[in-house]
Structure formats: C-alpha cells, structure tokens
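Here is the structure we will look at.
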Amino acid sequence: MSAIEQMRANVGKLLKGIDRYNPENLSTLERYVETQARENAYDLEANLAVLKLYQFNPAFFQSTVTAQILLKALTNLPHTDFTLCKCMIDQTHQEERPIQQILNLGDLLETCHFQDFWRNLEENAELIDGITSFEDSVRKFICHVVGITYQTIEKWLLAEMLGELTDSQLQVWMSKYGWTESEPDKIFICNQEESIKPKNIVEKIDFDSVASIMATSH
C-alpha cells in the first residue's frame, strides 16, 4: 500500500462516527489536503469534512488549506464538487485572497470562458503552486466540453481554449481524444447528430395499482 493509500485509509477511519467533528483531527486532515495536492490524489469526503470543521470552529480557519481544497475541486469538473465546497465557506472568507481569485477562476471555467480563465491564471500563477497537474486536469474538463459541443473547431481556437498550446502540445491532446485535422487548420471532433440517441420512455402500471387509484377516487 502506497503512502497516500495508507493516509486515505487512516483518514477514512477518522471520518466515521462522532470523531468526524472532532477539531483535534484538523491537523491530520489538513496534512492530508496538502498531500492530495502534492501527489495528485483526491478525496472529496475528507475535504468537505475539513470545511465543515472550519464552520464549527471558525478560529481554526486556514485560507491556504481552503484554497487547496477549492483548486482540487476544480480539477474534478464537470462534477459539482466546486459548488459543494463553495457553499461551505463563509461569505466573509469568500471575499478574501486567495479564495476570491479561485472562485473567479471557477466561475470562468463553469461558464466556459476558457481563454479568460487562462489569462486570469497567468496573472495569478502563484495560486496553483504545489497543485500537481492542475493545468492538465483543467484541460481534460475543457476537452470534455469541446467533445460534447463541437463537430469541428478551428485549430487556433482549440489551442487557445487549452491554454495557448504549441502545435506539438495540441497534437498530444488531439491524439488522446481521437480528434483529427479533417482539413487544413480545422479539427474534426465528432458528428454530434450521431451522438444524439433518442430515449423510448415506457411507463408500466399494473392492474392492482390502477384498481387502488380507482378505489380512492370514489
């Protein structure tokens, strides 16, 4: 068992029962958040437990740890982890640095303003110090959005959306997702019409259910 797996198992035991809300466990949980950032691991339940303990014990609040939790949640888009974490942070803290900057980054990603996201991140590059593979995790989310939105896309636009990638860097991501250059400077993503699969909805109501409905209506 690796060190991170061992830590995950130990934290899992801490989170069971009443100990979940014991502030004495905060230092262990905070170290676990830092380990997740460094080792490119992720444990939403543990991170939410940290934010919950901060709610119960405002004096123990750590903005650096909260920032790491938010950044890790962004790496798990399109899941709703970021919104869950945001809702557990007091409004006063949301207006403080660096949390406010990270929330702005999250808004840009969730509203698909990808070029603005990368420009904003470049201006606040120190935010992701110590967050291993943050940028590539965000690129995976952007590729997910591109994959369900576009049939074809201009090559320069895709490179911009993924953070001003060079041609060779872009080729790596295209290969990863099976995208091809169908004609000069145009990338074929997929045929969206073929991706749309109609659903047949069949409702089954048995005789006993109908009989009971009829009986109650009289």
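Only this structure's heavy atoms are used, side chains among them; waters, hydrogens and symmetry mates stay out.
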Which heavy atom of [X] sits nearest to which heavy atom of [Y], and what is that distance?
| X | Y | result |
| --- | --- | --- |
| Leu70 | Phe82 | O-CD1, 3.7 Å |
| Thr111 | Asp107 | OG1-O, 2.6 Å |
| Ala41 | Arg8 | CB-NH2, 4.4 Å |
| Cys112 | Val145 | SG-CG1, 3.9 Å |
| Phe56 | Tyr21 | CE1-CD2, 3.5 Å |
| Ala46 | Leu15 | CA-CD1, 3.7 Å |

[X] side chain to [Y] main-chain N or O, any donor-acceptor pair under 3.5 Å?
| X | Y | answer |
| --- | --- | --- |
| Thr132 | Arg38 | yes |
| Thr80 | Thr83 | no |
| Gln94 | Lys86 | yes |
| Asn57 | Leu53 | yes |
| Ser175 | Val172 | no |

Taking the side chain as C-beta and beyond, is there a heavy-atom pair between [X] and [Y] under 4.5 Å?
| X | Y | answer |
| --- | --- | --- |
| Thr28 | Arg31 | yes |
| Gln62 | Gln68 | no |
| Trp118 | Val138 | yes |
| Leu77 | Leu109 | yes |
| Gln115 | Asn120 | no |
| Trp179 | Ile153 | no |
| Met161 | Leu157 | yes |
| Ile89 | Leu103 | no |

Under 3.5 Å side-chain donor-acceptor pair for Asp43 and Tyr32: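 Per modelled atom types, Asp43 and Tyr32 side chains form a pair under 3.5 Å.
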
Asn104 side chain to Gln100 side chain, donor-acceptor N/O pair below 3.5 angstrom: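 Looking only at side-chain atoms, Gln100 and Asn104 do not form any donor-acceptor pair under 3.5 Å.
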
Ile189/Tyr177 under side chain to side chain contact (heavy atoms under 4.5 Å, CB included): CA gap, chis, key distance, verdict: CA-CA 9 Å; Ile189 305 298; Tyr177 288 90; over 6 Å; no

Mutual orientation of the aromatic rings belonging to Phe134 and Phe117 [parallel < 30°, tilted 30-60°, perpendicular > 60°]: tilted

His93 atom NE2, over 12 foreign heavy atoms within 6.0 Å: yes

Whether over 12 other heavy atoms sit under 6.0 Å from Glu122 CD: no

From CA spacing to verdict: side chain to side chain contact (heavy atoms under 4.5 Å, CB included), Glu96, Thr92: CA-CA 7 Å; Glu96 297 171 353; Thr92 304; 4.2 Å; yes

Chi angles and distances behind the side chain to side chain contact (heavy atoms under 4.5 Å, CB included) call for Trp173, Asp136: CA-CA 10 Å; Trp173 287 93; Asp136 279 350; 3.5 Å; yes

Working for side chain to side chain contact (heavy atoms under 4.5 Å, CB included), residues Cys85 and Thr66: CA-CA 9 Å; Cys85 294; Thr66 303; over 6 Å; no

Full working for salt bridge (Lys or Arg N to Asp or Glu O under 4.0 Å) between Asp167 and Lys155: CA-CA 9 Å; Asp167 195 61; Lys155 191 174 183 179; 2.7 Å; yes

Spacing of Leu158 atom CG and Met174 atom CE [to the nearest 0.5 Å]: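 Leu158 CG to Met174 CE: 7.5 Å, rounded to 0.5 Å.
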
